[in-house]
Q: 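Take this structure, written in structure tokens, and hold onto it; I'll ask about it next.
Just so you know, these numbers use all the heavy atoms, side chains as well, and skip hydrogens, waters and symmetry mates. Below, chain A is the first sequence line, B the second, and so on; all start at residue 1.
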Amino acid sequence: MTEVRVPAGWPATPEAARAEQDRLRPLVDLVGPGPTAPRLVAGLDVAYAEDGDRLAAAVVVLDAASLTVVDAAVAVGRVAFGYVPGLFAFRELPALLDALDRLTAPPDLLVCDGHGLAHPRRFGLACHLGVLTGLPAIGVGKTPLTGTWDPPASPRGSWSDLRDGADTVGRVLRTRDGVKPVFVSVGHRMGLDNATDQVLALSPDYRLPETTRAADRMCRQALAGQVGRVSPR
DNA sequence: GCGACAG
DNA sequence: ATCTTGTCGC
């Protein structure tokens with residue numbers, strides 16, 4: 001499999017990365033409301049090798065009605081940036097975009113593993129991916145990055161606002177009765193109500209959306225298949 | 001100044 | 001993210 005290359009001009013310092021976020025942030029579409037009944041929903045996730053250098057990015061497309069896999073693509077490469085909270089997207093973006101390019105057809109919605117607007121500068125991975133692809137995107141995080149909230153009620157479907165300063169940047173959503181909630185936020189071309197509905201519909205049986213679960217499995221197996229291999233020459 | 005900090 | 005055993009509960 002071909003190795004993903006980091007694009008020329010990719011930010012090399014935190015300062016350059018923040019400048020890039022500031023440049024792209026105005027391009028985010030916060031109006032939405034986005035597709036109410038998307039047919040093709042993509043889940044994106046990345047797995048890292050133990051050395052923390054190699055990674056595999058997977059995009060799995062599900063038929064939203066049946067939640068069955070209809071398309072998928074994977075890309076392997078190397079980490080494109082050091083891990084810095086708030087600049088997380090710069091690590092995985094090249095590999096994720098490469099995988100997206102390999103899909104048969106563009107999906108109607110991207111479900112990202114990480115936050116969108118629920119970010120210190122309102123430009124998390126889901127916003128970044130949305131702007132670069134032009135596709136509707138939402139972020140689903142397992143743990144918070146910024147903001148405060150009250151615990152949502154126990155029943156599945158309950159939620160509370162995720163607020164950061166004067167902004168409502170997302171929603172803390174219970175996808176399973178009595179189970180730790182997930183953090184939903186808008187990425188691009190989506191409204192928060194719609195994003196919440198989509199995440200609930202994608203999570204009928206487990207805490208995380210089926211899209212995320214499918215992508216997680218795929219990138220892990222792809223990484224396992226890379227063990228011991230040397231970068232192609 | 002001191003913590004907290006997506007994956 | 002990843003390293004990791006057992007354990008409680010449906």
Q: With a 6.0 Å cut-off on the ring centroids, do A:Trp10 and A:Phe81 count as close?
A: no

Q: For the pair made of CG in A:Leu223 and P in C:dA1, what is the distance, rounded to whole Å?
A: 13 Å

Q: Is it true that A:Asp216 and A:Arg213 have a side-chain N and a carboxylate O under 4.0 angstrom from each other?
A: no

Q: Looking at A:His128 versus A:Phe90, is the centre-to-centre ring distance below 6.0 Å?
A: yes

Q: Please answer whether the main-chain N or O of A:Gly141 pairs with a side-chain N or O of A:Asp113 as donor and acceptor at a distance below 3.5 Å.
A: no

Q: Separation of A:Asp205 atom CG from C:dC10 atom C1', in whole Å?
A: 14 Å

Q: Does A:Pro155 offer a backbone N or O that forms a donor-acceptor pair with the side chain of A:Arg174 under 3.5 Å?
A: no

Q: Using Watson-Crick or G-U wobble pairs with both distances under 3.5 Å, give me DNA chain C in dot-bracket, 5' to 3', with [ ] for crossers and | for pairs to another strand.
A: ..........

Q: From CZ of A:Arg176 over to P of C:dG9, roughly how many Å is that when rounded to an integer?
A: 17 Å

Q: I need a per-nucleotide contact map over nucleotides 1-7 of chain B, read 5' to 3'. Cutoff is protein heavy atoms under 4.0 Å; write B for the base, S for backbone only, - otherwise.
A: ----BBB

Q: Do we get A:Arg54 above A:Tyr48's six-membered ring, with its NZ or CZ under 6.0 Å from the centre and within 45° of the axis?
A: no

Q: Do A:Asp164 and A:Thr146 have side-chain N/O donor and acceptor atoms under 3.5 Å apart?
A: yes

Q: So among A:Met190, A:Arg171, A:His115, A:Arg122, which one has a side-chain contact (heavy atoms from CB on, under 4.5 Å) with A:Ser185?
A: A:His115

